[in-house]
Amino acid sequence: MGFLDILLGRSKPAVPDLDQLFGLPSAAVTLQAAAGFTPTGTGAVCFASAEGGAFAQAHQEAQALLDADTERTGPPVERTRDEYGYSWLVSRRAPDDLPALVSDLHAVNSSLEGTGFGPQLLCSVVGFEDAGGRRLGLVYLYKRGTFYPFAPLPGEGERRDNALELQIKAVLTDDLRIETDLARWFPIWGAPGL
């Protein structure tokens, strides 16, 4: 960072740290003990699709890597597209196999990053649910290297449970690098598994 950057108030962008994803299994234990939320077994990586054969090849390689897992008992990895035009690579595992799900998400992120498509990566999300049926996603912001909770409310419309999100933030502060700027807690409506 140079003198001009300091003068103009520019800061160095955060470096993505994909290894932060491996903190999710221990955070899940805390989340279950403190708030009653357990993993659903669904996780996804969101990215902006790029045109061209190189991106298509990188995406296919990431999907093939996950589909080659001989211990996968559920459906194969699938690709979906949301109403906003973003692509999601969705992995499903047994709810009690969160480490394998996290490994899947890490592999997809690493694969796309390794082929030069890191700027296309937006976020990763792992789904949780409590006994009352409330849904919660722990969202990893790729470009910030931080997490935040997203709790959509059931029913019609796009509404979220802000009080629950703040409660989860307080619960997980010691387990995950939580995004401190609440303006960056973007809603991910229609995310797979939520």
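A quick note: this is a predicted structure, and the numbers were derived from the prediction, not measured.
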Checking the side chain of Lys143 only, and the main-chain atoms of Pro119 only, is there a donor and an acceptor separated by less than 3.5 Å?
yes
Quick one: closest heavy-atom pair of Thr80 and Glu78, and the distance?
CG2-OE1, 3.4 Å
At their closest point, which heavy atom of Leu89 faces which heavy atom of Arg79, and how far apart are they?
CD1-CB, 4.0 Å
Keeping Lys169 on the side-chain end and Leu164 on the backbone end, is there a donor-acceptor pair under 3.5 Å?
no
Mind checking the CG-CD spacing from Leu176 to Gln20? Nearest 0.5 Å is all I need.
7.5 Å
Could you list the donor-acceptor pairs under 3.5 angstrom formed between side-chain atoms of residues 185-194 and any protein atom two or more places apart in sequence or on another chain?
| unit_1 | atom_1 | unit_2 | atom_2 | d |
| --- | --- | --- | --- | --- |
| Trp185 | NE1 | Glu179 | O | 3.1 |

Residue pair Val125 / Gly137: nearest heavy atoms and the distance that separates them
CG2-CA, 3.9 Å
Nearest non-hydrogen partners of Phe37 and Arg135, listed with the distance
CE2-C, 4.4 Å
Begin from the C-alpha positions of Arg144 and Arg184 and carry the test side chain to side chain contact (heavy atoms under 4.5 Å, CB included) through to its verdict.
CA-CA 9 Å; Arg144 304 276 298 169; Arg184 294 189 182 271; 3.3 Å; yes
Results of side-chain contact (heavy atoms from CB on, under 4.5 Å) for Asp174 - residues two or more places apart only:
none
Honestly curious: do Val102 and Val29 fall in one hydrophobic cluster under the side-chain, below-4.5 Å linking rule?
no
Does the Glu165 side chain pair with the main chain of Ala151, one donor and one acceptor, at a distance under 3.5 Å?
yes
For side chain to side chain contact (heavy atoms under 4.5 Å, CB included), just list the numbers for Leu31 and Leu136, CA-CA rounded to whole Å, side-chain angles, deciding distance to a tenth of an Å, and then say yes or no.
CA-CA 11 Å; Leu31 191 58; Leu136 173 73; 3.9 Å; yes
Between Phe128 and Leu138, is the side chain to side chain contact (heavy atoms under 4.5 Å, CB included) condition met? List the steps.
CA-CA 8 Å; Phe128 291 83; Leu138 289 181; 3.6 Å; yes
Which atoms form the tightest heavy-atom contact between Val171 and Ala34, and what is the distance?
CG1-CB, 3.6 Å
Hydrophobic cluster membership, Leu166 vs Leu172, 4.5 Å side-chain cutoff:
yes
Should Phe22 and Tyr148 be regarded as members of a common hydrophobic cluster, given that ILVMFWY residues are connected when their side-chain heavy atoms come within less than 4.5 Å of each other, either directly or indirectly?
yes
Quick one: does any side-chain atom of Thr42 pair with a main-chain N or O of Gly127 as donor and acceptor, under 3.5 Å?
no
Could you walk me through whether Leu18 and Tyr142 pass the side chain to side chain contact (heavy atoms under 4.5 Å, CB included) test, one step at a time?
CA-CA 8 Å; Leu18 291 175; Tyr142 175 79; 3.9 Å; yes
Over all heavy atoms of both residues, which pair between Val45 and Ser124 is shortest? Give the atoms and the distance, please.
CG2-OG, 3.6 Å
Could you tell me whether a side-chain N or O of Asn109 sits under 3.5 Å from a main-chain N or O of Leu105, the two making a donor and an acceptor?
yes
Do side-chain atoms of Arg81 reach the backbone of Gly85 as a donor and acceptor pair under 3.5 angstrom?
yes
